[in-house]
Amino acid sequence: MNQLTSPQGSIPDSRFQERLASVQLRQIFEHAPIGMALLDLQGNWLDVNAQFCRIVGYSRDELLQLAFRDITASVDLAGDDELLRQLLSGEIPSYQREKRYLRKDGQPVWVELAVSLARDAQGAPEYLITQIVDINALKLAYDTLRERELTLETVLGALPVGVRLADADGHVVSANLASLEIWCGAGGEMRHEGSYRAWDAATGSEFGEAEWPLQRACATGQGVEAQLIDILCFDDTPKTILCSVLPIVGDDGKMFGAIEVMQDMTRWLTLEQQLMVRTRELESRNKELEQFAYVASHDLQEPLRKVSSFVQLFAKRYAGQVDETGQSYLNFAVDGAQRMQLLIDDLLHYSRVSRGEGAQTPVDLERVYRALMQDLSQVIAETGATLECGPLPVVLGEPGQMRALLQNLIGNALKYHKPGRSPHIRVSAEIDADGIATVHVQDNGIGIEQRFFERIFVIFQRLHNRIEYPGSGIGLAICKRVVENHGGRLWLDSTPGEGSTFHFTITTAGVENEAG
Ligand code: ADP
């Protein structure tokens, strides 16, 4: 600056002013926060400022040896040449464009470029003036943003639920295909919401403009959670949709929009209704069948008892008077009548269980087990069985049914033992955090193939004939009924030849007491 402060009068005022202007310009050029450069008409740099050197990573001296084409990304060269041609031919007075330079380290850098032409006193093109703004960070941020936008659009497009995005005033700014299909049918266009109608499915009251879930959420800043809404679509089709709205809140805690998610429930609700009707029909048919089985088995008992006792009476009274063939016929008749009696008893028992007769009270399964041990003592002795029992809980159940359940499971474990191997049976239980007990009855018997795991619970289904193992095939059907009557689950694990474990769940009495 010193050389500018002329000793009074030594530099004529006009020259001093000219010099001052040129030095000021130089300083502006040098310290400008944007890149600046002068180029000759062939594109060689005549001068560059410090900021431009920073942008492209070359020193001033290096750049003055180069032309702009040397460090322009090849994809942008054709665009540069064409605009330069238009500028030099006078078609355009200046131009602006986004382009990529290649930095000295080889990395591309996005810049916003403004180019104009300086002319001499005669108006002939003299040199080019360029201004360069580094927009690399901006461009990368934009690209990332755009990628996110595209990802969001793709996700929204692929979603099977309707999604609409709204600004803070509740104006819809974006709606995915599924939402358009809900409101407008396939390929439809969204009209203003006012031309559609909607009602709160719970109360039946129609929404005013401000009461639509999206509008409500935007007005109050509160989300709307899973509201069932009846709507009339573009073509007046009635539908029922499930609608939720979530406000979108910025880092500053202010809501800047909302997202609405909707699902067409019409089909599901219709299906649910149909299912309910079918279930009611099935329940009533089932009740009729149970009633029938109960009445039939109950009423059959009496005549059967008569047949059975008279056949036995006949056999006794006329013993010796009938020949051998007659005697064997009589034996068949007695055997048949007894088996039928057994079946009818079982059937009656099963229908009693099915009818869920009897009130539920606390039942100590350990006491039930001990009582059973007495009843089964003969079989236990005959088979040489050993039984172990872990602590068993007090459960909430119908005492008769609980007894039948354990009796059938332990009875089977004794019955289906492997020839030549004494039954070893273990009854145990554990209780989970919700107070639900799982009881296990484990044996070392013949086991069951996995493919029969379902079948054995069906009434009268057996895997063996009566000579191998006697039975009517009703025991496990009763067990299943009992467990289901008590809200539990019955299942098994088994390895053929090694043994089976039956498991069932049941509520312990403590839980019910606490709940009550
Ligand atoms: P039943 O014992 O009168 O045949 P169930 O309904 O109690 O009728 O059992 C059905 C079938 O399941 C039985 O015929 C038997 O084949 C099989 N089964 C039941 N429990 C066991 C067990 N502990 N081990 C092996 N097989 C079993």
Side-chain angles (χ1 to χ4, degrees), residues 290 293 297 335-336 338-354 365 368-369 372-373 375-376 378-380 382-390 392 400-429 438-486 488-506:
E290 276 165 12
S297 46
D335 183 48
Q338 279 172 346
R339 262 185 26 229
M340 194 153 167
Q341 183 72 52
L342 217 69
L343 278 175
I344 286 178
D345 283 350
D346 279 347
L347 200 58
L348 200 58
H349 191 180
Y350 178 75
S351 32
R352 284 214 178 96
V353 170
S354 302
L365 286 186
V368 175
Y369 174 84
L372 274 175
M373 286 306 96
D375 294 355
L376 295 169
Q378 200 183 333
V379 197
I380 293 172
E382 280 169 12
T383 53
T386 48
L387 286 102
E388 290 176 60
C389 179
L392 296 183
Q401 293 192 18
M402 288 298 110
R403 185 188 164 85
L405 174 62
L406 279 189
Q407 184 173 1
N408 276 306
L409 293 179
I410 297 174
N412 279 350
L414 285 167
K415 181 163 57 169
Y416 296 102
H417 71 268
K418 232 181 148 188
R421 185 161 73 192
S422 304
H424 185 85
I425 300 165
R426 185 176 156 68
V427 184
S428 58
T438 305
V439 181
H440 318 277
V441 179
Q442 183 184 3
D443 66 44
N444 62 341
I446 57 173
I448 304 166
E449 284 181 54
Q450 188 162 8
R451 64 195 167 110
F452 298 127
F453 279 12
E454 299 267 316
R455 196 168 121 188
I456 55 171
F457 292 108
V458 178
I459 189 166
F460 296 136
Q461 291 288 337
R462 311 200 64 229
L463 305 181
H464 307 276
N465 63 36
R466 279 187 300 115
I467 297 167
E468 269 184 300
Y469 294 99
S472 57
I474 219 164
L476 286 181
I478 289 179
C479 292
K480 190 159 188 278
R481 268 303 167 110
V482 168
V483 172
E484 283 171 0
N485 280 352
H486 290 78
R489 205 161 70 81
L490 170 64
W491 74 102
L492 73 145
D493 303 314
S494 185
T495 310
E498 286 185 22
S500 315
T501 308
F502 284 80
H503 317 267
F504 67 87
T505 56
I506 187 149

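A quick note: this is a predicted structure, and the numbers were derived from the prediction, not measured. Both counts, for ligands and for their atoms, begin at 1 and track the order of listing.
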**Prompt:** If you measure from each heavy atom of F502 to ligand 1, is any distance below 4.0 Å?
**Reply:** yes

To the nearest 0.5 Å, atom CZ of F452 lies from atom CG of L492 at 12.5 Å

Check: Should we count CD of E388 as having more than 12 external heavy atoms under 6.0 Å?
Finding: yes

message: Less than 4.5 Å apart, side chain to side chain, heavy atoms only: is that true for Q461 and L476?
response: no

- Does a side-chain heavy-atom distance below 4.5 Å link L387 with I410? yes

* To do: Measure up the H440 and H503 rings against each other and bin them: parallel (under 30°), tilted (30 to 60°), perpendicular (over 60°).
  => perpendicular

Ranked by distance from atom 13 (C) of ligand 1, the top protein heavy atom is Y416 OH, 3.1 Å

If you scan protein heavy atoms around atom 6 (O) of ligand 1, the nearest is L476 N, 2.8 Å

I474 heavy atoms within 4.0 Å reach ligand 1 at atoms 6 (O), 8 (O)

Note: ligand 1 atoms sitting under 4.0 Å from heavy atoms of I446 are 25 (C)

The reported gap from CG in N412 to CG in D443 (rounded to nearest 0.5 angstrom) is 9.0 Å

Using atom types as modelled and distance alone, determine if a side-chain donor or acceptor of K480 lies under 3.5 Å from a backbone N or O of V458.
no

re atom 4 (O) of ligand 1, the protein heavy-atom contact at minimum distance is R462 NE, 2.5 Å

Among I456, I459, L492, N408, the residue with a heavy atom nearest to atom 17 (C) of ligand 1 is I456

The answer for which part of Q461 has a heavy atom under 4.0 Å from ligand 1 is backbone

*asked:* I446 vs Y469, test: side chain to side chain contact (heavy atoms under 4.5 Å, CB included). Steps then yes/no.
replied: CA-CA 11 Å; I446 57 173; Y469 294 99; 3.4 Å; yes

One finds that the ligand 1 atoms under 4.0 Å from a non-hydrogen atom of G475 are 5 (P), 6 (O), 7 (O), 8 (O)

Report task. Check the pair T386, S422 against side chain to side chain contact (heavy atoms under 4.5 Å, CB included), reporting the backbone distance first and the verdict last. Result -> CA-CA 8 Å; T386 48; S422 304; over 6 Å; no

d(I459 CD1, I474 CD1) to nearest 0.5 Å is 4.0 Å

Worksheet item: Do V482 and M402 have side-chain heavy atoms sitting under 4.5 Å apart?
Response: yes

Counting from 1 in the order shown, the ligand 1 atoms closer than 4.0 Å to a non-hydrogen atom of K415 are 1 (P), 2 (O), 3 (O)

Tell me whether ligand 1 is touched by S500 - counting only heavy atoms on the residue side and a distance under 4.0 Å. yes

If you compare D346, N412, D443 by their heavy atoms, the one closest to atom 19 (C) of ligand 1 turns out to be N412

Residue, atom and distance of the protein heavy atom nearest atom 16 (O) of ligand 1 read H464 CD2, 3.0 Å

Among I448, L463, L414, V441, the residue with a heavy atom nearest to atom 18 (N) of ligand 1 is I448

Based purely on interatomic distance, does P470 place a nitrogen or oxygen under 3.5 Å from a nitrogen or oxygen of ligand 1? no

Checking heavy atoms under 4.0 Å, the part of F452 that sits near ligand 1 is neither

Ligand 1 to G471, heavy atom cutoff 4.0 Å, flagged ligand atoms 3 (O)

For G473, the atoms of ligand 1 under 4.0 Å from one of its heavy atoms are 1 (P), 3 (O), 4 (O), 6 (O), 8 (O)

